[in-house]
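Treat the numbers as computed from the prediction; the structure is a model and nothing was measured. Throughout, numbering of the chain's residues begins at 1 and tracks the sequence. In listed order, ligands and their atoms are each counted from 1.
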Amino acid sequence: MQLASSSPSLVTADEDPTLRATVLDLFSGAGGMTEGFHASGPFQTVQAVEMDAAAAASYAATFGDIVHVGPIGEWLATCEVPSVDVVIGGPPCQGFSTLGKQDAEDARNALWRDYAQTIVRAAPKYFVLENVGAFLASEQFGDLREATGVGGLLADYAFEAAVLNAADFGAAQARRRTILIGHHRDLPAPGLPSKTHAGRHVPLSAVLKRVRPQVASTELPERSKTVGGRVRPGPFLTTELHVGRTYSATSMARIRSIPPGGNRFDIPENLLPPCWQKHKRGSADVMGRLRWDKPSVTIRTEFFKPEKGRYLHPTEDRALTHYEAALIQGFPKTHRWVGSKTAIARQIGNAVPIPLGRAIANHLAEAMRLSRPDGGAETRPLVA
Ligand SMILES: C[S@@+](CC[C@H](N)C(=O)[O-])C[C@H]1O[C@@H](n2cnc3c(N)ncnc32)[C@H](O)[C@@H]1O
């Protein structure tokens, strides 16, 4: 049931625990943020917008046929924007990511304007914007602040933002992201969620120890689905993503030489490629082995390549599988995935960790005085 009304007065749903606040998920990817909101309880996503056909198909296979597949600009120009209680979304971040080129003119940075336009038309009570840590110091962040000033596009709204670490909210992963929560000026400022796991981070072992360490295949199961006129692999359950890759004899020898917690600096000289022989410094995460007793490093879109970061299994001589990466992100076993191995890895690495999304949703549920089916517990059992 939609709670949105023409007046943005405070929602009180204490009397009816079946009431759910409505959500619009922009740049939804495969639906990490939606998973977090649904895990919180009293939220129902009514519409998602996603340009990548495989990611949109994963979203639809998991949450139903509520995804507009296409660029947000096209959606705004041709579709009716639903009135919702909460708008969530993370415009793509390559433009100001510290990993990519700092190209201030990057057209993708202008997507925040589409995000702002959507807020004007959806008239939500709250909005949530997730982005890389560097967003907080970007020009776009300043533009957004200006837009909420007198006479600005978002003058009816104010917001607070901070860089939050998903590990402080129960994810078995250190992942720092800017989280911005906006609210209609007629409502009290909800602030940002308080850490639920400060000083008691969930170690990697909590999510991976019960996963079968052996990997039986390098290929996804044979299954396909026609999406947007193209045949794509899937849908697969998260549990079906326990697939590895083939390593050359040299790569395998390098991997075997890396002890728990080690990295490329542990590889004997005779096994090093010439470029690494010269570079004695640099990232200690390259070819790094994860540790059981700590949260994992940030799961990025190429977690399946050992040379891309600290992605080696703590005890097995291989990188993380897609299944393991999805579990580290907090995805439930029931999530469905569509696309090639590369496309699914991108969907996993791009996602907002489910425990972080859930903490944000719990915080908004409290602000909206919505009843939570779990009685307000901050954590649910981790699945592995
Ligand atoms: C960081 S990911 C979002 C992840 C998502 N919030 C989650 O938790 O799973 C950003 C997404 O924006 C999509 N995207 C990029 N440009 C877009 C556009 N112009 N319109 C719609 N979606 C777009 C990308 O395909 C990508 O899936």
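- Residue contact check: M33 has heavy atoms under 4.0 Å from atoms 7 (C), 8 (O) of ligand 1.
- Contacts with ligand 1 closer than 4.0 Å are made by no heavy atom of P91, backbone or side chain.
- Taking the centre of each ring, H322 and F236 stay at or above the 6.0 Å mark.
- At least one N or O atom of I72, backbone or side chain, sits closer than 3.5 Å to an N or O atom of ligand 1.
- At least one heavy atom of P92 lies less than 4.0 angstrom from ligand 1.
- Residue contacts with ligand 1, taken as heavy atom pairs separated by less than 4.0 Å, do not involve I88 at all.
- Short contacts between ligand 1 and G70, defined as distances under 4.0 Å to a heavy atom of the residue, involve ligand atoms 20 (N), 21 (C).
- With hydrogens and angles disregarded, no donor-acceptor distance shorter than 3.5 Å links the side chain of N263 to the backbone of D285.
- Below 4.0 Å from some heavy atom of G31 lie the following atoms of ligand 1, by number and element: 9 (O).
- The contact set between ligand 1 and L111, taken as ligand atoms under 4.0 Å from a residue heavy atom, comprises 16 (N), 19 (N).
- For a threshold of 3.5 Å applied to N or O pairs, the pair formed by P71 and ligand 1 contains no separation below that value.
- By the criterion of a heavy-atom distance under 4.0 Å, both the backbone and the side chain of A351 are placed next to ligand 1.
- Taking a 6.0 Å sphere around NZ of K195, one finds it holds 12 or fewer heavy atoms contributed by other residues, nucleotides or ligands.
- For ligand 1, the atoms lying closer than 4.0 Å to a non-hydrogen atom of V352 are 7 (C), 8 (O).
- Rounding to the nearest 0.5 angstrom, the gap separating the CZ atom in F63 from the OG1 atom in T34 is 5.5 Å.
- When the salt bridge (charged side-chain N to carboxylate O under 4.0 Å, His left out) test is applied to D293, the partners found at least two apart in sequence or on another chain are R291.
- Ring planes of Y115 and F27: parallel class, angle under 30° (limits at 30 and 60°).
- Relative to atom 5 (C) of ligand 1, the option among S28, A48, S58 with the closest non-hydrogen atom is S28.
- For ligand 1, the atoms lying closer than 4.0 Å to a non-hydrogen atom of G32 are 7 (C), 8 (O), 9 (O).
- Scanning M51, E74, E50, Q347 for the heavy atom closest to atom 13 (C) of ligand 1 points to E50.
- Any N or O atom pair closer than 3.5 Å counts here, and G90 shares no such pair with ligand 1.
- Between atom CD1 of residue I258 and atom CZ of residue R310 there is a gap of 9.0 Å, rounded to the nearest 0.5 Å.
- Sorted by first and then second residue, the side-chain hydrogen bond (donor to acceptor under 3.5 Å, both in side chains) pairs involving residues 217-238 (not counting sequence neighbours) are R223-E240, T238-W337.
- Nearest heavy-atom pair across L272 and R264 is CD2-O, 4.1 Å.
- Of the N and O atoms on the side chains of T178 and N131, not one donor lies less than 3.5 Å from an acceptor on the other residue.
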